[in-house]
Amino acid sequence: MSVSKICCIGAGYVGGPTMAMIAHKCPNIDVKVVDINETRIAQWNSDTLPIYEPGLDEIVKGCRGKNLTFTTEIDAAIKEADMIFISVNTPTKTFGVGAGRAANLEYVEKCARRIAEVAEGHKIVVEKSTLPVRTAEAVKRILSNASNGSTFDVLSNPEFLAEGTAIEDLLDPDRVLIGGERKEAIQELVDVYAHWVPTDRILTTNLWSSELSKLTANAFLAQRVSSINAISALCEATEADVDEVAAAIGTDSRIGPKFLKASVGFGGSCFQKDILNLVYLCEYFGLPEVAQYWEQVVRMNDYQKERFVSRMVRTMFNTVSDKKIAIWGFAFKKDTNDTRESAAIYVVRDLLLEKARVCIYDPQVTKQQVIQELEYVLSEGDNGISPAKRELIDNHVTFASSCEEASSDAHAIAVLTEWDEFAEVDFGKIHDSMKKPAFVFDGRNRLKQKNLVDSGFEYHGIGF
Ligand SMILES: NC(=O)c1ccc[n+]([C@@H]2O[C@H](COP(=O)([O-])OP(=O)(O)OC[C@H]3O[C@@H](n4cnc5c(N)ncnc54)[C@H](O)[C@@H]3O)[C@@H](O)[C@H]2O)c1
Ligand SMILES: O=c1ccn([C@@H]2O[C@H](COP(=O)(O)OP(=O)(O)O[C@H]3O[C@H](CO)[C@@H](O)[C@H](O)[C@H]3O)[C@@H](O)[C@H]2O)c(=O)[nH]1
């Protein structure tokens, strides 16, 4: 039997693009992406998709209305599908046991219970969300109590796409990983990907190795960023240049050149959440030394963000109070509108607490999104946001629609996302419009080659 109908629960950054790619590459498979969030589904059905991702529009618009559907009719889609992907969010728990570390599996469990309740016949259930190792055991137990006597295979198929390059990553993945028990079920999913992925890049493992490989991959990637960021601090103290150090070590084929870009700190919805989850699992399984080892990656990242703001304050004569700071970029990396755990949130928070006035420009992030992030990060648990912090947001945060507008009359520019357009502006004009000395704090070393010192700026990058 080959799969002819797929249902994916969760129309987010992963569910949307991955299912669009399957629909695009497998015209014979009918793909339905379902979600409880009506607004999100309406956006997927509109001209403005909920996610900004280069190349995504063309693929969605090419398949939508043919073999790709976005709908809130979850039960119907579950019933008719042969294969059901669970691609819902698995955020860090904010309450109860494991708060601040463990993954909140409430949404995954709700999906499994829904499937158990409405499915008929045999279904292959695929974990696409990033999950703690051994989650499939719980999913299998829930499914084994299905109302209609249905039967299930459970597979793990973690997603490795990175935002901003999701379409490239999905078109040409380094590997697709499928963990499972029954050979025939694994083969069904291999056959879906084999429509476009060479079979030697489709790896199959047992369930637990697949689940754990996802957390491990993110931990290793984030660890490289924290390692180079740790070295960036030492470079600043010693006149070494972190980009030169990264290039020098990256030529060693055992180390390799990728993921060695020093920055203001890694962000995104995955790295911190997945490492903290790994830390929690290690503690749970009685491995405190292993837990501490990985936790340090997150601590180093926090240090890097704090260090960036301290350096700004120190350099600007020990005060940024009432100074206008232009914030260039709020997304956690370029080519995405995602701001989850973006370093910019923490940098702006700390600048606001120093009573700076910030003017924010990001080509893809909305004002409403920035305000939401700041409200969250400035609020104090269940008590919400205090009047003093509310005042900071209301009176110290403004928005601009270009780099020029954000920088006009500013004391400093802080580059927090590496958008390409930031290197294209007229720096002479920007310098003329700023207070002097005109400082640039480049959290991405994006403008390093622009010789800003020659245009009159006082330029500070990361790690040199
Ligand atoms: N964002 C990434 O780049 C990325 C990459 C690889 C893996 N992941 C993992 O994939 C998973 C999903 O991440 P995301 O970024 O797509 O999350 P997201 O928040 O963008 O999307 C999740 C969606 O699931 C929906 N949902 C939640 N519970 C539901 C339910 N019971 N029924 C129907 N819909 C429900 C939500 O409404 C939301 O639209 C997470 O586990 C994440 O760690 C994310
Ligand atoms: O050399 C580098 C590389 C990345 N970053 C930062 O690290 C963060 C994460 O970047 P990236 O990994 O490119 O984006 P994500 O979309 O978070 O993707 C990661 O997280 C996903 C979710 O699990 C995985 O699927 C991907 O494989 C994994 O790369 C961003 O803030 C980057 O700016 C650096 O500072 N320096």
Side-chain angles (χ1 to χ4, degrees), residues 7-19 33-41 43-44 50-51 53 70-72 74-75 77-78 85-92 103-115 127-132 135 157-166 169-170 173-175 214-215 217-222 224-229 232 243 246 250 257-275 277 301 304-305 329 331-336 338-344 416-418 443-446 462:
C7 162
C8 173
I9 311 181
Y13 282 85
V14 169
T18 50
M19 292 303 124
V33 189
V34 300
D35 205 293
I36 39 175
N37 183 332
E38 289 178 12
T39 315
R40 214 165 205 189
I41 290 296
Q43 286 172 322
W44 279 111
I51 291 171
E53 193 63 65
F70 295 93
T71 169
T72 50
I74 299 176
D75 291 0
I78 292 174
F85 286 78
I86 300 179
S87 188
V88 297
N89 37 330
T90 49
T92 304
N104 181 349
L105 298 179
E106 176 187 344
Y107 310 111
V108 171
E109 183 171 334
K110 281 187 174 141
C111 289
R113 288 186 187 277
R114 197 77 221 136
I115 295 169
E127 296 175 345
K128 180 55 104 178
S129 297
T130 302
L131 297 169
T135 303
N157 172 221
E159 183 50 59
F160 295 99
L161 68 80
E163 289 179 27
T165 54
D169 296 342
L170 289 167
D174 286 348
R175 76 327 207 165
K214 173 65 197 175
L215 293 185
N218 275 356
F220 271 59
L221 289 168
R224 277 175 75 95
V225 179
S226 275
S227 296
I228 200 70
N229 281 345
S232 78
D243 293 320
K258 294 185 181 167
F259 256 74
L260 288 179
K261 187 77 199 146
S263 67
V264 57
F266 62 72
S269 62
C270 296
F271 279 179
Q272 175 167 308
K273 157 179 88 75
D274 292 348
I275 294 178
N277 188 204
N301 196 47
Q304 189 74 350
K305 292 178 272 188
F332 81 97
K333 62 187 282 196
K334 75 171 182 177
D335 291 338
T336 177
D338 197 345
T339 56
R340 290 178 287 180
E341 286 302 327
S342 178
L416 302 183
T417 312
E418 70 282 20
R444 301 287 179 169
N445 291 351
R446 184 69 186 86
I462 300 276

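Indexing begins at 1, ligand by ligand and atom by atom, following the structure's order.
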* Quick check: does any side chain N or O of Arg340 sit under 3.5 Å from a backbone N or O of Gly268, one acting as donor and the other as acceptor? -> no
* For atom 35 (C) of ligand 1, which candidate among Val88, Asn37, Thr72 provides the closest heavy atom? -> Val88
* Applying a 4.0 Å heavy-atom criterion (strictly less than), which segment of Glu159 is in contact with ligand 2: side chain, backbone, both, or neither? -> backbone
* Structure fact -> If you compare Lys273, Arg340, Lys333 by their heavy atoms, the one closest to atom 13 (O) of ligand 2 turns out to be Lys333
* Asked: Applying a 4.0 Å heavy-atom criterion (strictly less than), which segment of Thr165 is in contact with ligand 2: side chain, backbone, both, or neither?
  -> neither
* Asked: Backbone N or O of Glu159 within a donor-acceptor pair of the Lys214 side chain at under 3.5 Å?
  -> yes
* Asked: Should the proximity of Ala162 to ligand 1, defined as any heavy atom under 4.0 Å, be assigned to the side chain, the backbone, both, or neither?
  -> neither
* To do: Give a yes or no on whether the backbone of Ile462 and the side-chain of Ser232 come within a donor-acceptor separation of less than 3.5 Å.
  => no
* **Short N or O distance, Arg40 and ligand 1, threshold 3.5 Å exclusive** => yes
* Relative to the heavy atoms of Glu159, which atoms of ligand 1 are at a distance of less than 4.0 Å? -> 6 (C), 7 (C)
* Judging by distance only, is a nitrogen or oxygen of Lys128 under 3.5 angstrom from one on ligand 1? -> no
* Provide the number and element of each atom of ligand 1 under 4.0 Å from a heavy atom of Leu161. => 3 (O), 5 (C)
* In Å and rounded to the nearest 0.5 Å, what is the SG to CG distance from Cys270 to Asn277? -> 11.5 Å
* Asked: Do any N/O atoms on Lys110 end up under 3.5 angstrom from N/O atoms on ligand 1?
  -> no
* Relative to each other, are the rings of Phe266 and Phe271 parallel, tilted or perpendicular (30° and 60° limits)? -> perpendicular
* To do: Work out whether the distance between some heavy atom of Arg224 and some atom of ligand 2 is less than 4.0 Å.
  => no
* Among Cys270, Ala217, Ser226, closest by any non-hydrogen atom to atom 22 (C) of ligand 2 -> Cys270
* How does Ser269 reach ligand 1, if at all, at less than 4.0 Å between non-hydrogen atoms: by side chain, backbone, both, or neither? -> side chain
* Any N or O of Val14 closer than 3.5 Å to N or O of ligand 1 -> yes
* Asked: Which of the atoms of ligand 2 are close to Lys214, meaning less than 4.0 Å from one of its heavy atoms?
  -> 22 (C), 23 (O), 24 (C), 25 (O)
* Asked: Which of the numbered atoms in ligand 2 are below 4.0 angstrom from a heavy atom of Ser263?
  -> 34 (C), 35 (O)
* Does Lys214 reach ligand 1, in the sense of a heavy atom lying below 4.0 Å from it? -> yes
* Ala11 backbone acceptor or donor facing Asp35 side chain under 3.5 Å -> yes
* To do: Find the distance between CG (Asp174) and CG (Asp169) and round it off to the nearest 0.5 Å.
  => 8.0 Å
* Can you find an N or O of Thr90 that's nearer than 3.5 Å to an N or O of ligand 1? -> yes
* Does Lys334 come within less than 4.0 Å of ligand 2, judged by its heavy atoms? -> no
* **Expected output: side-chain Asn229 to main-chain Val264 donor-acceptor under 3.5 Å** => no
* Measure from the side-chain N and O atoms of Glu163 to the backbone N and O of Glu53, and report whether any donor-acceptor pair falls under 3.5 Å. => no
* Should you measure from each heavy atom of Ile9, which atoms of ligand 1 turn up under 4.0 Å away? -> 32 (N), 33 (C), 34 (N)
* For atom 21 (C) of ligand 2, the protein heavy atom that lies nearest, with its residue and separation -> Leu161 O, 3.6 Å
* Asked: Taking Ser129 for the side chain and Val88 for the main chain, is one N or O donor matched with an acceptor at less than 3.5 Å?
  -> yes
* Does the N or O separation between Phe271 and ligand 2 drop below 3.5 Å for any pair? -> no
* Do any nitrogen or oxygen atoms of Leu221 lie less than 3.5 angstrom from nitrogen or oxygen atoms of ligand 2? -> no
* Asked: Applying a 4.0 Å heavy-atom criterion (strictly less than), which segment of Thr130 is in contact with ligand 1: side chain, backbone, both, or neither?
  -> both
* To do: Under 4.0 Å, heavy atoms only, figure out whether ligand 1 is touched by the backbone of Leu131, its side chain, both or neither.
  => neither
* To do: With heavy atoms of Leu260 as the reference, note each atom of ligand 2 found under 4.0 Å away.
  => 1 (O)
* **Contact (N/O only, under 3.5 Å) between Tyr13 and ligand 1** => yes
* Structure fact -> the protein heavy atom lying closest to atom 5 (N) of ligand 2 turns out to be Val225 CG2, 4.0 Å
* Hey, what do you get for CH2 (Trp44) to CG (Asn37), rounding to the nearest 0.5 Å? -> 12.0 Å
* Give the residue, atom name and distance (to 0.1 Å) of the protein heavy atom nearest atom 17 (O) of ligand 2. => Phe332 CE1, 3.5 Å
* Using a 4.0 Å heavy-atom threshold (strictly under), name the region of Arg340 that reaches ligand 1: side chain, backbone, both or neither. => side chain
* Could you check atom 27 (O) of ligand 2 against the protein and tell me its nearest heavy-atom contact, residue, atom and distance included? => Phe160 O, 2.7 Å
* Could you check Asn157 against Lys128 for side-chain contact (heavy atoms from CB on, under 4.5 Å), going step by step and ending with a plain yes or no? => CA-CA 5 Å; Asn157 172 221; Lys128 180 55 104 178; 3.0 Å; yes
* Asked: Is there a donor-acceptor pair under 3.5 Å between the side chain of Asn89 and the backbone N or O of Pro91?
  -> no
* Would you mind listing which atoms of ligand 1 come within a distance below 4.0 Å of any non-hydrogen atom of Cys270? => 2 (C), 4 (C), 44 (C)
* Are any non-hydrogen side-chain atoms of Glu418 and Asn445 less than 4.5 angstrom apart? -> no
* Heavy-atom distance under 4.5 Å between the side chains of Asp75 and Arg114, does that happen here? -> yes
* Test of proximity, Glu163 against ligand 1: N or O pairs below 3.5 Å -> yes
* How does Lys273 reach ligand 1, by side chain, by backbone, by both or by neither, if only non-hydrogen atoms under 4.0 Å count? -> side chain
* Residue and atom name of the nearest protein heavy atom (relative to atom 32 (C) of ligand 2), distance in Å to one decimal -> Arg444 NH1, 4.0 Å
* Under 3.5 Å, is there a donor-acceptor pair between the side chain of Arg175 and the main chain of Phe160? -> no
* Shortest protein heavy-atom distance from atom 16 (O) of ligand 2, along with the residue and atom involved -> Glu163 N, 2.8 Å
* Asked: Counting heavy atoms only, which part of Lys258 comes closer than 4.0 Å to ligand 2: side chain, backbone, both or neither?
  -> neither
* Under 3.5 Å donor-acceptor, Ser87 side chain and Cys8 backbone -> no
